[in-house]
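Heads up: the structure comes next, in structure tokens.
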Amino acid sequence: MEKDEDKQEQIKELKLYKIASELLQTERAYVTRLHLLDQVFCARLTEEAGKGMFPVEVVKGIFSNVGSIYTFHSQFLLPDLETRMSQWASTPRIGDILAQLAPFLRMYAEYVKNFDSAMDLLKQWTERSVQFNTIIQDIQSQEVCGNLTLQHHMLEPVQRVPRYEMLLKDYLKKLPEDDPDRSQAKKSLNIISMAATHSNMAIRKMENLKKLMEIYEMLGGEEDIVNPSNELIKEGQILKLAARNTSSMERYLFLFNNMLLYCVPKFSLVGQRFTVRTRVGVEGMKVLETSNEDYPHTFQVSGKERTLELQASSEQDKEDWIKAFQETIEIFQQKNETFKSASKEVKEELGKRAPRWIRDNEVTMCMKCKEPFNPLTRRRHHCRACGYVVCYKCSDYKASLRYDGNKLNKVCKDCYFIVTGRADAEEPVSGKKRGILEIEAAQVSGNSFLCGFLQYSTDRTKPCQRVWCVIPQHDALVLYLYGAPQDVKAQCTIPLLGYQVEDVQRSVDHPPTSFRLCQSKSVHCFIADTEEVKLRWLKVIHKAVIGEMPECQTPQHPSNQSECCRNNVGNI
């Protein structure tokens, strides 16, 4: 029995050694490929680009941060693995090494996110530039390339992190429960799995934005759908049953997480093109299976804007559509439950206690109709119930407020209907199309990674404008720009993913607190009040542009967003 147990233990130890050896061998081969990418392909192309053969930016765009990845693996991970394998008899473990170095694998997010763009650039310049193509072909013909193309070698970093994850899972299966390396191996597996997930998240976000841009072009650029908060759930052809006769008409649906676009195909020589006939919000939407003797596979989608009788191409297609609608509606309702319960509590307290007045200088537009204030025709007024700053048209109501001895006070339209109980103020506007900019500054500032004032301009020849900037936690890859901290609508948004961040050097035209966001021909210039504030913004933005979750840079007070907003103003 003892011999059998010893034999089983030796087999397990041998299996662990083989897994560790495989990790080392594949790491050596991988570092060789990274050397080829960074020190051969990239170095040679950079050298020729310096001679003016083609832009240096093209080479940087293709190889991204492969230099940093090569340095990490060649100078840190590989040497540590080689040392450990040479000492395996006395230290038979690899979990501790991977646990220490695995956090650095997050750098793969930037490379993976840039991969599709790199492939496009490579194809474009191989066809455009003879010199560029000659260098690629020359290196690919060398023995070190193994008769494989540059594209093939560039795919290896994308596949490497999942390889680590697979080997570690196998290592843990063979590792005894009481082995001292088990806790470190588990820790490293968690970190590597997170790094793999992190890379996949960046890929999904880029793919989603890319798909939104494609749909935007299909719709003729007339719909404001290109926003990271919009997610395409399902699309496809469908038939619409006419209400007045038995005919059916070809239509096309785009189902998003928050709306349905009901479209009509239109003639085009350059791919699919559609005209949006109706936009139906997911809020209040219902989907029902229907029966029709003349037309099989039918179902009904009803919303506040319109009810549609639709016919799928098959029974399976109908079930897929109904399932997609039901899941989208359910998720939307779950996300809105918390917000609705909080809104209900606010309504119940309205008029019972004095509100906190929003200061005049904290807004640049009416907090209800969103029209900009001016000293002549649209002056500022305060609603005595909610404390919002509104224009004269939106404050032309009076209601008895309990905190003021039931005296009549000037209130806004929404508060008037709520306090008097005559109607629900939200009902008349609930079906109104809500733009992506219509998110209150205070709402996002109170739950943000960073917020504060910056000087902003998109044109170097024009003076900068002082704006309130916010990177909200619910939308960490988007920068919102407001005229003031309490504005109810943003002036614009900047989707940060994919932008290049430039720390502008001191010059006559640029103070030392300047920085820029650049993407293609789009340039956004910012100036912070101090160097410290600038560094805080750069720390957050550097994470966001590569799809990583930033660290919170401002104190959070969820119970009082307005107070948090005022605190952040002081801090920044």
Side-chain angles (χ1 to χ4, degrees), residues 27-79 104-161 199 202 206 497-505 507 515-523 538 541-542 545-548:
E27 187 68 15
R28 283 173 177 161
Y30 180 54
V31 168
T32 301
R33 294 289 178 264
L34 290 176
H35 179 273
L36 178 65
L37 287 173
D38 184 53
Q39 301 296 309
V40 181
F41 278 108
C42 184
R44 178 87 176 274
L45 288 168
T46 301
E47 181 183 353
E48 293 301 317
K51 299 176 182 178
M53 297 293 184
F54 38 82
V56 178
E57 287 73 19
V58 172
V59 183
K60 292 180 180 178
I62 292 172
F63 293 96
S64 186
N65 63 335
V66 73
S68 301
I69 295 173
Y70 171 62
T71 300
F72 165 70
H73 286 273
S74 63
Q75 298 184 18
F76 295 94
L77 184 54
L78 179 58
F104 292 96
L105 295 177
R106 291 193 180 96
M107 70 176 71
Y108 277 81
E110 181 176 349
Y111 183 89
V112 173
K113 179 211 66 171
N114 187 67
F115 186 76
D116 284 345
S117 174
M119 292 297 100
D120 291 340
L121 268 178
L122 183 57
K123 182 177 182 296
Q124 177 185 342
W125 281 90
T126 301
E127 296 172 352
R128 178 185 295 184
S129 171
V130 176
Q131 296 91 337
F132 187 94
N133 186 46
T134 301
I135 295 170
I136 299 295
Q137 295 298 327
D138 178 47
I139 299 174
Q140 287 180 166
S141 65
Q142 297 175 17
E143 186 178 348
V144 68
C145 269
N147 295 321
L148 297 174
T149 63
L150 172 57
Q151 290 90 330
H152 181 93
H153 292 300
M154 289 184 67
L155 188 61
E156 289 208 20
V158 177
Q159 301 168 330
R160 187 58 184 168
V161 176
S199 295
M206 283 300 294
L497 198 61
Y499 268 86
Q500 297 292 322
V501 187
E502 296 183 2
D503 186 354
V504 182
Q505 301 299 317
S507 68
F515 64 94
R516 283 199 300 254
L517 297 175
C518 305
Q519 188 181 67
S520 185
K521 296 180 180 180
S522 177
V523 180
L538 289 179
I541 293 174
H542 273 301
V545 296
I546 60 173
E548 292 189 6

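Of the inter-residue distances, the one linking Leu37 atom CG with Ile139 atom CD1 reads 10.0 Å to the nearest 0.5 angstrom. Separation of atoms CG (Leu121) and CZ (Phe132) is listed at 8.0 Å; rounding is to 0.5 Å. Distance OG1/Thr46 to CZ/Phe41: 13.0 Å, rounded to 0.5 Å. Distance check: Phe104 CZ to Thr71 OG1 gives 12.0 Å after rounding to the nearest 0.5 Å. Ser68 OG to Asp38 CG: the interatomic distance, rounded to the nearest 0.5 Å, is 8.5 Å. Rounding to the nearest 0.5 Å gives a distance of 9.5 Å between CG of Leu36 and CG of Leu148.
Nearest heavy atom pair, residue Leu45 against residue Phe54, reads O-CE1, 3.4 Å. Shown here for Ile69 and Tyr108, the closest heavy-atom pair between the two residues is CG2-OH, 3.5 Å. Of all heavy-atom pairs between Asn114 and Ile62, the closest is ND2-O, 4.1 Å. Residues Tyr499 and Val545 come closest through the heavy atom pair O-CB, 3.4 Å. Across Met154 and Ala118, no two heavy atoms sit closer than the pair CE-CB, 4.0 Å. Closest of all the heavy-atom pairs between Tyr70 and Val31 is CE1-O, 3.9 Å.
Using modelled atom types, one side-chain atom of Ser141 and one backbone atom of Asp138 make a donor-acceptor pair closer than 3.5 Å. Listed for the Asn65 side chain is no donor-acceptor partner under 3.5 Å among the backbone atoms of Glu110. In terms of modelled atom types and a separation under 3.5 Å, the side chain of His542 and the main chain of Val501 share no donor-acceptor contact. Listed for the Ser129 side chain is no donor-acceptor partner under 3.5 Å among the backbone atoms of Trp125. When atom types are taken as modelled, the side chain of Gln140 and the backbone of Cys145 share no donor-acceptor pair closer than 3.5 angstrom.
In terms of the side-chain contact (heavy atoms from CB on, under 4.5 Å) criterion, Asn147 has no residue partners (sequence neighbours excluded).
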Apply side-chain contact (heavy atoms from CB on, under 4.5 Å) to residues Arg160 and Leu105 and explain how you reach the verdict. CA-CA 10 Å; Arg160 187 58 184 168; Leu105 295 177; over 6 Å; no

May I have the step-by-step check of side-chain contact (heavy atoms from CB on, under 4.5 Å) for Lys60 and Val56, ending in yes or no? CA-CA 6 Å; Lys60 292 180 180 178; Val56 178; 3.8 Å; yes

Apply side-chain contact (heavy atoms from CB on, under 4.5 Å) to residues Leu34 and Phe72 and explain how you reach the verdict. CA-CA 10 Å; Leu34 290 176; Phe72 165 70; over 6 Å; no

Show, in sequence, the C-alpha distance, side-chain angles and deciding distance for His35 and Ser74, and conclude whether the side-chain contact (heavy atoms from CB on, under 4.5 Å) test is met. CA-CA 9 Å; His35 179 273; Ser74 63; over 6 Å; no

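Contact check on Arg44 versus Glu47 returns no salt bridge, with no Lys/Arg side-chain nitrogen under 4.0 Å from an Asp/Glu carboxylate oxygen.
In this structure, Ile541 and Leu517 have side chains that are in contact, with non-hydrogen atoms separated by less than 4.5 Å.
More than 12 heavy atoms of other residues, nucleotides or ligands sit less than 6.0 Å from atom CD of Gln39.
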